[in-house]
Amino acid sequence: MIDPNILRTDPDRIRESQRRRGESVEVVDLLIAADIAKRSSAQEFDDLRNQQKVLGKQMGPLQGALKKATDDATKAQAQSEVDALMEQATILADAVKAADAHADEVARTADKLWLQISNLVNLDSPVGGEADFTILDVVGEPRDFTKEGFEPKDHLDIGEHLDAIDTVRGAKVSGSRFFYLKGIGAQLEFALLNLAMQQAVSNGFIPMITPAIVLPSAMEGTGFLGQAAENVYRLEEDDVYLVGTSEVPLAAYHSDEIIDVNQLPIRYAGWSSCFRREAGSYGKDTRGIIRVHQFDKVEMFVFTTPDQAEAEHQRLLQWERDFIEALEIPYRVIDVATGDLGSSASRKFDIEAWIPTQGAYREITSTSNTNEFQARRLKIRMRDGDKTSPLATLNGTLCAMPRIIVAIFENHQQADGSVRIPKALQPFLGGKTSFTPPA
RNA sequence: GGCGAGGUGGCGGAGCGGCCGAUCGCAGCCGCCUUGAAAGCGGCCGUGGGGAAACUCACCGGGGGUUCAAAUCCCUCCCUCGCCGCCA
């Protein structure tokens with residue numbers, strides 16, 4: 001959620017953000033009304049409760065006096081005082097109960113509306129839908145296969161030729177959009193994991209292996225139960241969720257905590273399986289492993305101060321670029337448009353790798369600045385002197401396995417069907433320089 | 001899965017149903033003392049909401065209940081620890 005003060009002092013900023021996202025603007029007005037109602041009903045409850053407490057404080061001594069009374073006159077006197085007080089208290093108790101129930105209800109309404117407000121978009125983000133991104137940079141030269149004299153094969157052909165990817169058996173065992181990484185394929189993933197972790201650690205990240213199942217509070221807190229909910233697997237029986245990214249367990253790791261500002265930034269590199277329902281993507285990327293229900297990913301996640309968030313966002317982007325460049329993959333960087341940010345991000349940069357057989361750049365990493373949005377929901381604060389305030393969280397993909405493997409296979413394939421191994425990866429593959437089919 | 005014990009402020013650890021947002025110790029902060037430090041002494045020392053402020057309300061694992069009044073009694077769920085069973 002965003003700073004409630006903005007709602008009270010500058011609601012137009014929120015309206016503008018919602019408008020740029022293509023989301024409800026009316027909800028802002030509903031929320032303003034609900035916010036006022038919430039505060040006034042809470043005030044009513046406070047007052048009544050205060051009266052009840054004041055009354056309650058008189059009750060003890062009075063009953064004590066009643067007990068100690070020896071003669072009938074004082075006893076009767078005390079008794080009548082107790083009775084009168086009790087009568088008042090009973091009436092008040094009902095009023096308190098009613099006010100409490102009302103305040104609760106009103107607060108719930110307001111809270112629910114708050115969850116419908118997405119993070120404030122960064123005003124520098126391009127406005128529009130999925131196609132309205134701006135291109136920030138293009139790096140590397142796509143290979144000219146015509147000039148090289150052969151037709152590039154797609155990653156699945158290559159993967160099958162190398163006996164590295166098996167989607168047929170994936171589908172047999174688990175259904176469509178599941179796959180096996182086998183032999184070279186599995187080794188490649190381990191090599192990528194090690195390269196990614198080595199880079200992350202040298203950049204000050206703490207490696208983390210996270211749970212892949214989380215409670216609703218973690219999902220809610222990271223903002224994945226809004227529009228993104230349809231893509232989340234839920235285990236009904238236990239009321240838990242499979243994470244679509246380790247961003248969720250990493251963000252929630254410090255939930256309900258107050259972190260000393262001197263410890264920031266805290267950087268984690270999380271490794272976990274990721275699960276996505278891919279609802280509403282029927283027919284898209286049905287071939288190969290570009291869009292799958294389960295994959296592994298190394299994710300960078302940072303807790304920092306809000307004033308450092310934008311600079312950190314640039315650093316995350318740079319680290320993503322470093323990794324892609326180490327793998328010698330041509331790519332471009334895009335500034336994602338407001339309509340395609342997701343509810344948590346204020347700004348998002350995607351890196352898209354060149355995929356030769358598609359003649360297109362396809363998303364392989366994504367880094368988001370969520371400012372204080374997730375931290376507010378997850379109650380993660382920082383202590384600066386005697387002040388506590390929400391901190392900022394950011395996330396960025398370091399290495400999403402299937403898509404990186406796709407990019408490596410397609411971009412580094414050779415005419416003879418082998419795949420060249422980029423230098424940076426060779427130390428993690430026993431010094432091997434190319435992938436060839438198993439004997 | 002079964003039985004037992006327990007969940008209180010950064011940590012430890014109290015808390016007859018009203019005087020408890022909570023005694024005390026440690027850690028931390030400020031001051032005094034000291035050439036400096038330690039010790040000692042004095043003070044401060046949870047989080048959040050509302051309010052300009054005075055002040056006020058909420059929170060003692062979560063939720064519900066009893067009561068005029070709940071950290072304290074009842075129900076329920078969760079978690080931690082111990083033992084047993086089962087499985088890695």
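Computed from a predicted structure; not experimentally measured. Per chain, numbering begins at 1; letters A, B, ... match sequence-line order.
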request  = Check the distance between B:rG50's C1' and A:I36's CD1 and give it to me in whole angstrom.
outcome  = 14 Å
request  = Could you check how far CG of A:D111 sits from P of B:rG48, rounded to whole Å?
outcome  = 17 Å
task = With C1' as the reference atom in both, quote the distance from B:rA71 to B:rC19 in angstrom, rounded to an integer.
result = 16 Å
key: Near-ring test A:Y268/A:Y253, centroid separation under 6.0 angstrom   = yes
remark   = Between A:Y233 and the options A:R276, A:Q294, A:H293, A:R277, the side chain to side chain donor-acceptor pair (under 3.5 Å) test singles out A:H293
C1'-based separation of B:rU72 from B:rG15 [nearest Å] = 8 Å
request  = Could you tell me the separation between the NZ atom of A:K379 and the P atom of B:rG49, rounded to a whole number of Å?
outcome  = 11 Å
Which atom of A:I405 lies closest to which atom of A:G185, heavy atoms considered = CD1-O, 4.4 Å
inquiry  = Using the C1' atom as the point on both nucleotides, what is the distance between B:rG7 and B:rA14, in whole Å?
reply    = 15 Å
Integer angstrom distance from the C1' of B:rG48 to that of B:rC30 = 26 Å
query = Is A:R362 salt-bridged to A:D285, cutoff N-O under 4.0 Å?
reply = yes
Length of the line joining A:L55:CG and B:rA69:P, which is rounded to integer Å = 11 Å
remark   = Rounded to whole Å, the CD-C1' distance (A:E87 to B:rA69) equals 17 Å
task = Report the C-alpha separation of A:Q18 and A:E26 in whole Å, then their side-chain angles, then the decisive distance to 0.1 Å, and conclude whether the side-chain hydrogen bond (donor to acceptor under 3.5 Å, both in side chains) test is met.
result = CA-CA 9 Å; A:Q18 292 289 102; A:E26 299 76 56; over 6 Å; no
ask   = Below 4.0 angstrom from OP1 or OP2 of B:rU47, is there any side-chain N or O of A:R383?
value = yes
Test side-chain hydrogen bond (donor to acceptor under 3.5 Å, both in side chains) applied to A:E23 and A:S118, step by step = CA-CA 8 Å; A:E23 291 173 16; A:S118 293; 2.6 Å; yes
Euclidean distance for C1', B:rG40 against B:rC59 (whole angstrom) = 37 Å
key: Pairwise P distance, B:rG46 and B:rC29 [rounded to whole Å]   = 15 Å
key: Under 4.0 angstrom between A:T388 side-chain N/O and B:rU47 OP1 or OP2   = no
key: Charged N-O contact under 4.0 Å between A:R15 and A:D12   = yes
ask   = When the C1' atoms of B:rA27 and B:rG9 are considered, how many whole Å apart are they?
value = 13 Å
query = Charged N to carboxylate O below 4.0 Å: is that the case for A:E105 and A:R108?
reply = no
request  = Might you work through the salt bridge (Lys or Arg N to Asp or Glu O under 4.0 Å) test for A:D3 and A:R376, ending with a clear yes or no?
outcome  = CA-CA 8 Å; A:D3 186 348; A:R376 273 216 168 72; 3.8 Å; yes
key: 5' precedence on RNA chain B between A:I258 and A:P4 (nearest-nucleotide basis)   = A:I258
Rounded distance in Å - CG (A:D256) to C1' (B:rG46) = 14 Å
task = For A:R377 and B:rG48, give me the distance from atom CZ to atom P, rounded to whole Å.
result = 20 Å
query = Where along nucleotides 51-67 of chain B does protein come under 4.0 Å, by heavy atom, of base (B) or sugar-phosphate alone (S), with - for untouched nucleotides?
reply = S----SSS-------S-
task = Just need the stems in RNA chain B: three or more back-to-back Watson-Crick or G-U pairs, each with both distances under 3.5 angstrom, sorted by first number.
result = B:1-7 with B:78-84, B:10-12 with B:24-26, B:28-32 with B:40-44, B:46-50 with B:55-59, B:61-65 with B:73-77
Separation between the P atoms of B:rC73 and B:rC16, rounded to whole Å = 9 Å
ask   = Do the two ring centres, one from A:H254 and one from A:F303, sit under 6.0 Å apart?
value = yes
message = Output the rounded distance in Å from NZ (A:K38) to P (B:rG48).
response = 15 Å
